[in-house]
Structure formats: C-alpha cells, structure tokens
4 protein chains.
Amino acid sequence: MNIGVIGYSGDKNLEPVKSLKNICFEIGKLIAENGDTLLTGGRDGIMDFVCESAYKNNANVVGILPWDEEGNKYLNTTIKTGLDFSMRSFVLLKSVDIVISVGGQVGTALEILGAYAYKKPIILMRGTGGWTDTVTKTLIEDKYLDNRKMVELYQAYNIEELSQHINNLRGDVNL
Amino acid sequence: MNIGVIGYSGDKNLEPVKSLKNICFEIGKLIAENGDTLLTGGRDGIMDFVCESAYKNNANVVGILPWDEEGNKYLNTTIKTGLDFSMRSFVLLKSVDIVISVGGQVGTALEILGAYAYKKPIILMRGTGGWTDTVTKTLIEDKYLDNRKMVELYQAYNIEELSQHINNLRGDVNL
Amino acid sequence: MNIGVIGYSGDKNLEPVKSLKNICFEIGKLIAENGDTLLTGGRDGIMDFVCESAYKNNANVVGILPWDEEGNKYLNTTIKTGLDFSMRSFVLLKSVDIVISVGGQVGTALEILGAYAYKKPIILMRGTGGWTDTVTKTLIEDKYLDNRKMVELYQAYNIEELSQHINNLRGDVNL
Amino acid sequence: MNIGVIGYSGDKNLEPVKSLKNICFEIGKLIAENGDTLLTGGRDGIMDFVCESAYKNNANVVGILPWDEEGNKYLNTTIKTGLDFSMRSFVLLKSVDIVISVGGQVGTALEILGAYAYKKPIILMRGTGGWTDTVTKTLIEDKYLDNRKMVELYQAYNIEELSQHINNLRGDVNL
C-alpha cells in the first residue's frame, strides 16, 4: 500500500516535534516491515523522523514537496510539485491508500479533511496533540467528518493499535 | 474588497440549503450595496442564493469552478480552473480578502481551514449549521485554528453583526 | 464570449512590446465593442495594453494572476491562482472560448499549444513576431499543431481579419 | 539524477509507438545502468517501453499520473496528481534534472517548452518523429526556444550521443 504520514512540521529538536520521535520511528519501521511505501510532504518535523526510520529500514520513501524546494535526507524519490504547501497536500492525498496523522497544526487539519473528501481512511495517533486530537471533537458518530459519512476515521493509542488498523484496512484497499 | 462566500452545496429546494435562503439573500445584497465583488465556487447550494441576490443587486459576481463545469445563472465572470473541487477552493481563497461561511460539509471545512492557512479573516455565520458551527468547537482562545494564531475567526449571529465585522475588516485589508 | 489574449510580457515602454501598442489597443476595443469578456494573465507587456483599451471601452476585464501577485490597473476582476506562471496559464485557457496571440516568448508558445490541447481555437496576429509567427513553421496543413487535428489555428494580418475570424467562430462556440 | 522521458502516448502495438521500441528500451537501460531515476507520465506509448526497460534493469521508476488514473506495470512509485494531462506535466518537469524527448504530439511539445521555461536541459532524440523533430524548426541559433536563451536543447541521433549528452550534463546539474 501507499501510506501517507502527516503531522507537525518544524524543528525536530524542539517541541512539539521532539517528543514524538519514538512514535514516529515506530511508524516508519512498521511501514518498512510491512513492505509498504511511505509518502510524506518530504520535509522537516515529524516527516523527517518517519522518513528516517522507514528509509533506514529499507522502505520506498517518497517526498511530495511544495514549490521546487529540497527534501530531507531520507527520500528515495523526490517530487517537486511547483504547488504551494496547501495545494501540494492534495497531490499527496490523491497518491495514498490510507493516511496516518501525528499531531499537527492547520496544515495537518487540511490534510485530514482532504483525505476524508477523497475517501481515504485516516488513522489518528491519539495523544500526539494538535489537530490529530482536536479533530475528534468534531466527529459525527465518533468516526465521520460530515453528514455524508464518506469514509471512517480510526483512532490508535499505540503502535499495536495502528498496526491492527492497517491490517484491517489492507483487505479493503483495492490493490 | 473581494469577498468569498462558502458553504453548503446541493439542491436549493432541499434542506439544509432551503432554510438558508433568507440569510443568503441578505449576504448577497449587503455585498452588492457595499460595492464589493463576490467570489464563490459558482455552483449550487448556498452559492446559488448568494450569487442570485448579489447579481440582481448589481454586484460583480465571480464563479471559480472545478474542472470545466458550467456555473449557475448569476455570474458576471466564470473561471474554469481545470482543478478538482478541493484544489480549486485554494484558487478562490487566494483571490479573496475575507471569507464568509454559511453551514457546510467537509468541503466548507477545507475552505475555512485553507482561508486560515492563507491568513484571510473568516466570518462564521453562526446558527447556519454544518462546519460553520462545528469548527467553533476547535477554536483556541475562541478565535484561532492553531497555536500559530495566524488570523482571527469572527462570529456573526445576524446580518447586522456580519456588516459590522466587514466594516471593521475593511480598514485592515490592504487595498 | 470569453476571449483570452496572450503574448509578450515585459516593459511596455521597451521593444518588442512598445511597437505593438496600436494593434493591442485595437484588439481591446474590438472585444469591448463586441460585448465580450477579456481574460489575460493580468500583468504587463501586451496584456497591459489590451486590458487598458478594453477597460476604457467598458469591457469586463479579468486577470488570471500567478502566485498572489497584483495585477495591472485595468482589471474588473482579479484571480490569484497561487500557481506558477506556467500552470496558471492552463486556468486561463480552461476559462476562454477562443485565444488571440500577439508576439510572445516561450510562455506564449506554451499557451498556444495548451489552447490547442484544450481544443480552443487560436487566432495568430501575424507580423507581431515571436512565437505567434514562429509557430506557423510547425503547422500541419497550415492549421494544425499535431496529427490529431484537434482544433484549427487561424491567421489574421490586421484587425479586420481578426474581427472576421471572431465573428465566424462566434457561431461555433457553445454559449 | 532524475531523468524525465517524454513522447508519444498511445497503443504500443501500433505506429508511431511500435517502431520506437528499440530506442526506448536502450534509453531505459541506459538510465538504469547509470543509476539514475526515471520519471515519466506513467502510462502507455513510449513511456511504457522506457519504464519496462528501466524497471527490468532495476532503476527507480516513477510515474506522475493525471487525475487518479492507474499507471503501467513498471512503476516503483506512482504519484496521482489529481491534475489534468497538461497540468500534471509541470509537476513532472519540476521534479527532473534533464528531459529526453522521443517523438510526440502536442502534449510532448508542451513538455519540451515547459522544460525550457523551467530551465531544464532537453535532449531531442532526432529521427523519432513528431514534435521532437518538429521543434527543431523553431530553434534560435539551433539550440534556444526564445530570445531569452534560458537553457539549451541538445540533439542526439543515437544512444551513444544521448549517453554523451547525459554525461556532459551530469557535471552541470546541482546534485
């Protein structure tokens, strides 16, 4: 599967990114061990951590970059979209089968909502803060983002629950 | 000013759009009387009502359409973006000075968050349902969508409050 | 009709733009007198001349701008696409019924070819230089840009011939 | 380097694609042997041939697809841009260091001109027909696409000349 990971950008040596290093490393490793492809925005923050872990565990790691910016050091494939931060997110979302969300400011919120609009299942890593937790306040029936109930949002409190959700979804995705 | 109005799409003879006819007509008239330009997604739902009112009151009415679809009957200018529903919203947001939100499903949520990401002030027409009301559950200090506090969201409960917000913002916008 | 005009950008007080002032003014006036809407890239060069003339003759004048740049002084409607110079051209092309080309560097060539790819008729103002003349070297049967013969390119040597082509095309365009 | 290959789409069992199988296979093999990454539009025509050869020789093969279409069978990484055929080409061009052109209709012409606009060197595989040959009629000083002389176009008549051009350019590209 193509798995998108979204979340906080920013300096990985500062909060709120710094404290998410362990969970990000676990996510990257899980993607690699499952033989899945990782797609991210390709830059700093939690993307850097997840890419590093997936890359070092031999996953195919793809960065979908805004403008013609350079990506982080852990990318097998770099796509420069020529689009701004918001619009390039939709290229990322079109290309993935599922999305994993870790913390995040408004850019992450846009990606969670955009994934739902494109009917891509989203797994929220609960407890990672930001919009990944905040968005749960808006859910209808604890799993939908609007009345049309286009696709479900799932919630995982640890790597085992994430792994379980990914395995359940793998059967549903049309590959 | 260029004023974007976002909200529910769908059949204007059915709920939840039908009941919003009066407030939409008031918004369109206000924009026209102020001499502002109206920009919308150019199609059905609350967009159709606001466009009709603004158009009949002689505003400049612009529709920013997805793909190469046709717009509603109340457009002076039709822009066919060739982009999908989500991506074309960002062309709309880039082009406006402020955004007024009325009800809305996830597409409207994307536009509220996108406006914030582009630092465009948003006025929520409270009581119109959908994400226009739901998003208030996520606000920080009752006016910001993330910790970076990039731009304020305002709340209006009637056309007079909307008019007041627009007048206050008019001084701030760089025209 | 929505009529796109493309061609040289650059300082209107310098060649090659300067010498094209008269023909640009005639084109803008013709569009206004026909009651058509003018769409351009909204900035300098021949766009500025055509916009000035159309605007002063009371046409609806629309600028489709790259990024969030400002347009020239002769626009009724300004669309900021957030896209780069090349990609925003495709929003312009999607939105027009026919294209008129005046001189132009490679950006104009992209727009001529893009119009053809979108099956929009193109009228080349012969003798204005640049790609408007150069592209004729590549035509198949003196009117097609590839073997698929998707739409015709027309050639006008003066404003009367342009006017004739526009009138002929008006009947074909689905309005 | 990231190398883009552009050219005829269409059924690979029919002309004009069919006769280009050998040169496409040689190009794919060369890219793989050099350890470069291949990026194409990811679908049929000469793209299918080049991808097959590069993939079977263990190159990293990336497809930049329009809309959310599926790619051919020889892709390590599939990017679904959500953009139409023309606009997605600009994502491809932003992401590559150099471009190799083989035959092609107007879509290929757009990519040749777009590469020039983005200052990416282009190598024309002469004798492969279509716009790859036609564009040479428009060159200024036999190597530029407009008066700004933004980047050179190179011409190769066989795989050895192509290899030589790639090696010369490798030193110039900022990797």
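The structure displayed is predicted, hence computed values, not measured ones. Letters go in sequence order (proteins before strands), and every chain restarts at 1.
The choice from D/D68, D/V96, D/T77, D/L83 that makes the most heavy-atom pairs within less than 4.5 Å of chain A is D/T77.
Rounding to the nearest 0.5 Å gives a distance of 11.0 Å between CD of D/E69 and NZ of A/K94.
The part of D/L39 that comes within reach of chain A is its side chain, from C-beta onward, which places non-hydrogen atoms under 4.5 angstrom from that chain.
For the side chain to side chain contact (heavy atoms under 4.5 Å, CB included) with D/I64, the lone residue among A/V91, A/I79, A/T81 that qualifies is A/I79.
No more than 12 heavy-atom neighbours from other residues, nucleotides or ligands sit within 6.0 angstrom of CG on A/N22.
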